[in-house]
Structure formats: C-alpha cells, structure tokens
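Notes follow once the structure below has been shown.
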Amino acid sequence: MLKRPAFYIDMEACTGCKTCMIACIDKNDLPDGVLFRRVTEYAGGDWIQDKNGAYEQNIFAYYLSVSCNHCENPICVRSCPTTAMHKDENGIVIVDHDKCVGCRYCEWGCPYSAPQYNAKKGKMEKCDFCRDYLEQGKPPACVAACPTRALEFGEYEDLVAKHGASQVVAPLPDPSITYPNLIVSANRNAQPAGSRLGTIQNPEEV
C-alpha cells in the first residue's frame, strides 16, 4: 500500500469526457446525487477591443477532475464529532459507517465537497482511493478508466518528482487550507486560483 497516496491530473490531457466519474459511480454503486469524483468545466472570457478599435476574444475553457484529495490536514476529520471520519494507516481518509451519524459536519467543512451524504443510508460516503483495488495491486477505477491517461495515482513525492510541483488553478481553493495530496499540471488556459474571469459552467454536476 501507499504511504502518502496522491492523485495527479494532467489538465491539458483532460477532455471532460467524465469517463472517470462513470467508472467511479459504477464501481461504488452510487445513487443519484452522490458523486465521489466530479469533473468541473470552468470557462470565461469576452470580446475585447484593442487600441485600433478591432475586437478580439479572450475566451477560455478547461476541465478539472477532482475527488477526495486525502489531505494532510483534512478538515473533514477535524469536523467529525464521532471520529467516524478518519485517516487510516495508509493515509487514506475513510468513513467508519458504524460510527457515522450522518450529521454532515464533514461535508460542510471540506473545501472540495468530497464527503457526500447518502440519504438512503443516512450516512456520509466518500472516495476511499479504491482501497480494495490497491490491495489487489490494481489502480483506482477512475485512473484505470481515463481514456486519455489524464489521471495518475501513486506516492505524493514520486508524482511530484515526475511531474513537478502542483499548480494552483481556479476554481480550486487555497491548498494551504488542507494541504491536499493532489498534483495538478495546469491547462494552458488555466486561470490562477481566486480569479474572477471565469465561472463553473456545470454547477449541477459538481
């Protein structure tokens, strides 16, 4: 098993096809409204006039696939009053359903909206990094399903050594909040975190 499990996303390679989402839904048999992995479409721009009076556009759009980042300082764990939300011995943030009372404090605290409330069970659920697959030597379902190989998984340090330090892009929150185990290679059109030039185009899906 991994010591510091992390996901890597190559935004340039991500086409927004949502195959990773579908694989996750299928693997975890998720009900409507519960998504462990979400693909955000972020876009913006407008027509602008140059000094000669001509108009040109600066429109941009890109996709960002994100699930639970199994953070080094997970707010969801600190927010949980029953200790149901916790980090296991492998650094994976998971839910003990025997302790979970469905209070949703973890959901409200997480800046990535990773914990999801399953109304049928009255419990919180979330990405567990496909722990059962890892134990079998297989990759997480989302990584295996990605047709463009935009997603990778592995040890945080190994992924940073391979791809470089993570880039912070909109609409991701400030990483200093939770120190996510997520490495992002930005799309050429990516806007910096906090940018107001774009908006999420598919809010009902994320």
Side-chain angles (χ1 to χ4, degrees), residues 5-25 30 32-48 57-79 93 104-117 124-127 129 140 142-143 145-146 148-153 156 159-160 163-206:
F7 283 114
Y8 165 77
I9 170 72
D10 180 353
M11 292 175 60
E12 199 68 50
C14 182
T15 63
C17 69
K18 300 183 176 68
T19 305
C20 56
M21 281 177 52
I22 296 169
C24 179
I25 291 169
L30 300 180
D32 289 345
V34 176
L35 293 172
F36 292 174
R37 179 169 285 278
R38 297 165 304 284
V39 178
T40 300
E41 180 182 356
Y42 193 79
D46 203 349
W47 288 96
I48 55 177
Q57 55 86 13
N58 62 353
I59 295 171
F60 64 88
Y62 54 86
Y63 299 98
L64 184 61
S65 176
V66 176
S67 66
C68 175
N69 298 310
H70 305 279
C71 304
E72 289 300 288
N73 184 26
I75 291 178
C76 61
V77 172
R78 289 189 280 122
S79 302
V93 179
R104 306 180 76 165
Y105 287 170
C106 57
E107 175 188 11
W108 299 332
C110 176
Y112 298 95
S113 302
Q116 301 274 300
Y117 181 68
M124 301 307 299
E125 295 187 326
K126 61 178 295 297
C127 161
F129 221 101
C142 57
V143 175
C146 180
T148 62
R149 298 296 180 258
L151 294 175
E152 289 184 39
F153 81 105
Y156 181 86
L159 291 173
V160 169
H163 300 289
S166 183
Q167 297 169 279
V168 185
V169 302
L172 290 176
D174 185 337
S176 67
I177 298 172
T178 61
Y179 297 99
N181 286 313
L182 172 68
I183 297 93
V184 177
S185 287
N187 180 282
R188 71 190 76 177
N189 297 314
Q191 303 298 303
S195 171
R196 297 181 181 274
L197 294 179
T199 57
I200 295 173
Q201 301 297 302
N202 58 337
E204 73 284 353
E205 295 180 348
V206 298

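For the pair L30/E125, a side-chain contact is recorded, criterion being any heavy-atom separation below 4.5 Å from C-beta on. Side-chain contact between V184 and S166: present, with at least one pair of heavy atoms (C-beta onward) separated by less than 4.5 Å. The side-chain heavy atoms of P5 and F153, taken from C-beta on, include no pair separated by under 4.5 Å. Looking at V206 and S113, their side chains never come closer than 4.5 Å, going by heavy atoms from C-beta outward. The closest side-chain heavy-atom distance from I25 to L35 is below 4.5 Å. Counting heavy atoms from C-beta on, the side chains of C68 and Y112 never come closer than 4.5 Å.
Closest non-hydrogen pair, R37 versus M21, comes out as O-CG, 3.1 Å. Scanning all heavy atoms of the two residues, the minimum distance from C24 to F36 falls at SG-CB, 3.4 Å. Considering every non-hydrogen atom in both A186 and V169, the closest pair reads CB-CG1, 3.7 Å. The two residues C20 and V39 come nearest to each other via the heavy atoms SG-CG2, 3.8 Å. Taking all atoms of both residues into account, the shortest heavy-atom contact from N189 to N187 is N-OD1, 2.7 Å. Of all the heavy atoms in P175 and P180, the pair that sits closest is O-CD, 3.3 Å.
Taking NE2 of H163 as the start and CD1 of I183 as the end, the distance is 8.0 Å to the nearest 0.5 Å. Taking CH2 from W47 and CD from Q57, the interatomic distance works out to 5.5 Å, rounded to the nearest 0.5 Å. We find the CD1-SG distance between I9 and C142 to be 9.5 Å, quoted to the nearest 0.5 Å. Of the inter-residue distances, the one linking C76 atom SG with H70 atom NE2 reads 9.5 Å to the nearest 0.5 angstrom. The NZ atom of K126 sits 13.0 Å away from the CD atom of E107 when rounded to the nearest 0.5 Å.
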Residues E205, R38; criterion salt bridge (Lys or Arg N to Asp or Glu O under 4.0 Å); working and verdict: CA-CA 7 Å; E205 295 180 348; R38 297 165 304 284; over 6 Å; no

CA sep, side-chain torsions, deciding dist, call: V66, T40, side chain to side chain contact (heavy atoms under 4.5 Å, CB included): CA-CA 8 Å; V66 176; T40 300; over 6 Å; no

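Judged by distance alone, with hydrogens and angles left aside, the side-chain atoms of E152 form no donor-acceptor pair with the main-chain N or O of A150 at under 3.5 Å. In this structure, the side chain of N58 engages the main chain of D46 through a donor-acceptor pair within 3.5 Å. Checked by atom type and distance alone, the side chain of Y42 never pairs as donor or acceptor with a backbone atom of L64 at under 3.5 Å. A donor-acceptor pair is defined here as one N or O able to donate and one able to accept, closer than 3.5 Å; such a pair exists between the side chain of N202 and the backbone of E41. Here the side chain of N69 pairs no donor or acceptor atom with the backbone of C71 at under 3.5 angstrom. Distance alone, capped at 3.5 Å, places no donor-acceptor pair between the N73 side chain and the Y179 backbone. Side chain of T148 to main chain of A13: a donor-acceptor pair is present (N/O by atom type, distance under 3.5 Å, no hydrogens or angles). Side-chain N or O atoms of Q201 include one that pairs as donor or acceptor with a backbone N or O of T199 at under 3.5 Å.
Ring pair Y62/F60 is parallel by interplanar angle, where below 30° counts as parallel and above 60° as perpendicular. Taking the six-membered ring for Trp and thresholds of 30 and 60 degrees, F7 and F129 have nearly parallel ring planes, at less than 30 degrees apart.
Not counting sequence neighbours, the partners of D174 by the side-chain hydrogen bond (donor to acceptor under 3.5 Å, both in side chains) test are S176.
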